[in-house]
Amino acid sequence: MKRHIFVFFVLLFVSCNAPKTDRASGNDQYLIPATAEEILKHVKDADARVVLVNVWATWCPPCVEEFPDLMAVYNQYKDQGLKIVFISADSESQADGAIAFLKAHGVDFPSYIKLKSDGAFINTLDPDWWGAIPATWLYDSEGNKRHFWLGKTSREQFEAKIRDVLMGGDQGVL
Amino acid sequence: MRKLLVIALVATMGFNAEAAKSETLALGAEAPVTDLEMKGTDGKMYTLDSVQGEKGTLVIFSCNSCPWAVKWESRVASIGNAYRGKGFGVIVINPNDPKRAAEDGFDEMVARAKALSYEFPYVVDPVSQVARAFGASRTPEIFLFNDKGKLAYHGAIDDNASDANAVEAAYLKDALDALLAGEAISVSETKALGCSIKFNEDS
């Protein structure tokens with residue numbers, strides 16, 4: 001019982017001290033509110049050999065489960081030209097939790113949080129997508145969509161698809 | 001060079017396979033696998049044929065485990081119960097593999113259907129077969145068929161999962177009312193965020 005009370009107060013403390021998405025905290029550069037158009041432009045301008053876009057949310061268990069594998073893959077392939085763009089599907093009221101989650105997983109690059117209605121966001125990001133998350137895309141260095149899939153993915157599966165795009169990028173095939 | 005070609009072919013096939021998996025039933029199409037038996041939380045067996053209504057049939061892919069489905073589930077109950085009384089067939093299908101989402105076990109489904117006072121079947125999709133045939137990808141996801149068995153509306157329940165009182169566009173209810181009135185459905189396809197279906201991977 002005592003332990004539960006302790007955990008409760010620790011969580012309360014952490015949540016009260018969680019960073020906000022305001023300019024004063026600097027977290028507006030950490031979890032940037034963005035439209036799908038802005039995110040696609042970022043993907044085009046990324047200057048990377050492979051850009052992995054992942055839509056996730058703190059309320060989505062498979063998204064949370066695959067996150068450590070995604071970060072492991074990022075750390076393994078970033079020097080070979082992989083960039084990751086995380087898009088949080090959390091609501092504005094959940095943004096603090098999303099920021100805390102990203103920081104806890106060592107994300108040290110800007111991430112985004114969805115702006116605009118679900119329908120407009122989904123259709124603009126990819127008309128082939130119906131809104132299920134986790135959703136992951138791989139874009140090549142030219143900004144062309146090369147892979148799109150839904151659901152929790154293992155580290156091996158992420159790696160296989162990333163290597164495929166890396167090879168395609170090298171050889172100019174597909 | 002030959003090796004490169006093989007790699008390219010395999011990569012292309014992989015991409016196409018992904019695209020095919022996400023292909024969804026088109027508006028105007030008829031429901032597939034209508035004779036497949038699915039076990040309901042009341043212990044009875046149901047098929048999509050057996051739940052057809054004279055005004056149309058409402059098929060909802062939903063589950064216990066997805067927070068988004070939970071946000072909408074009381075609206076699923078109230079809309080389902082209300083329109084079942086107006087001549088629509090209603091069925092909620094849980095496509096998730098309980099091995100991947102423990103809350104989607106049969107006993108948990110029985111408890112949820114009882115708690116929400118569902119007056120329509122809440123059934124198990126054996127090995128996610130129905131969801132695959134529909135091309136469903138998330139929970140909750142709506143497929144509404146008209147009285148001729150053609151898909152008339154596909155997508156979200158409304159435009160606000162979090163707050164039923166703040167809904168501005170009640171897509172499903174509007175589509176049901178349009179079918180009842182014999183009028184055209186003004187918005188027949190919508191998209192919303194939801195949980196990806198935890199497909200059975202053994203099949």
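What you see below is based on every heavy atom in this structure, not just the backbone, and it leaves out hydrogens, waters and symmetry mates.
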**Report entry** Partner set under disulfide bond (SG atoms under 2.5 Å apart) for Cys63(B), not counting sequence neighbours
**Finding:** none

Query - Heavy-atom closest contact (Ser196(B) atom, Pro134(A) atom, distance) - result: OG-CD, 3.6 Å

Query - Separation between CG of Leu193(B) and SG of Cys60(A), rounded to the nearest 0.5 Å - result: 10.0 Å

Query raised in the report: Is the backbone of Ile133(A) close enough, under 3.5 Å, to the side chain of Arg138(B) for a donor and an acceptor to pair up by distance?
Result: no

Query - Under 4.5 Å from a heavy atom of chain A, the part of Thr190(B) involved - result: backbone

Query raised in the report: Looking only at heavy atoms, what is the nearest atom pair of Trp129(A) and Lys191(B), with distance?
Result: O-NZ, 2.8 Å

Query - Heavy-atom pair with the smallest gap, counting every atom of Ile122(A) and Ala192(B) - result: CD1-C, 3.5 Å

Report task. Could you check whether the rings of Trp59(A) and Trp68(B) sit parallel, tilted or perpendicular, using 30° and 60° as the cut-offs? Result -> parallel

Report task. Would you indicate whether Asp45(A), at its atom CG, is surrounded by more than 12 heavy atoms from other residues, nucleotides or ligands within a distance under 6.0 Å? Result -> yes

Query raised in the report: Got more than 12 heavy atoms from elsewhere within 6.0 Å of CZ, Arg84(B)?
Result: no

**Report entry** Whether over 12 other heavy atoms sit under 6.0 Å from Lys173(B) NZ
**Finding:** no

Report task. To the nearest 0.5 Å, tell me how far Lys152(A) NZ sits from Lys198(B) NZ. Result -> 10.5 Å

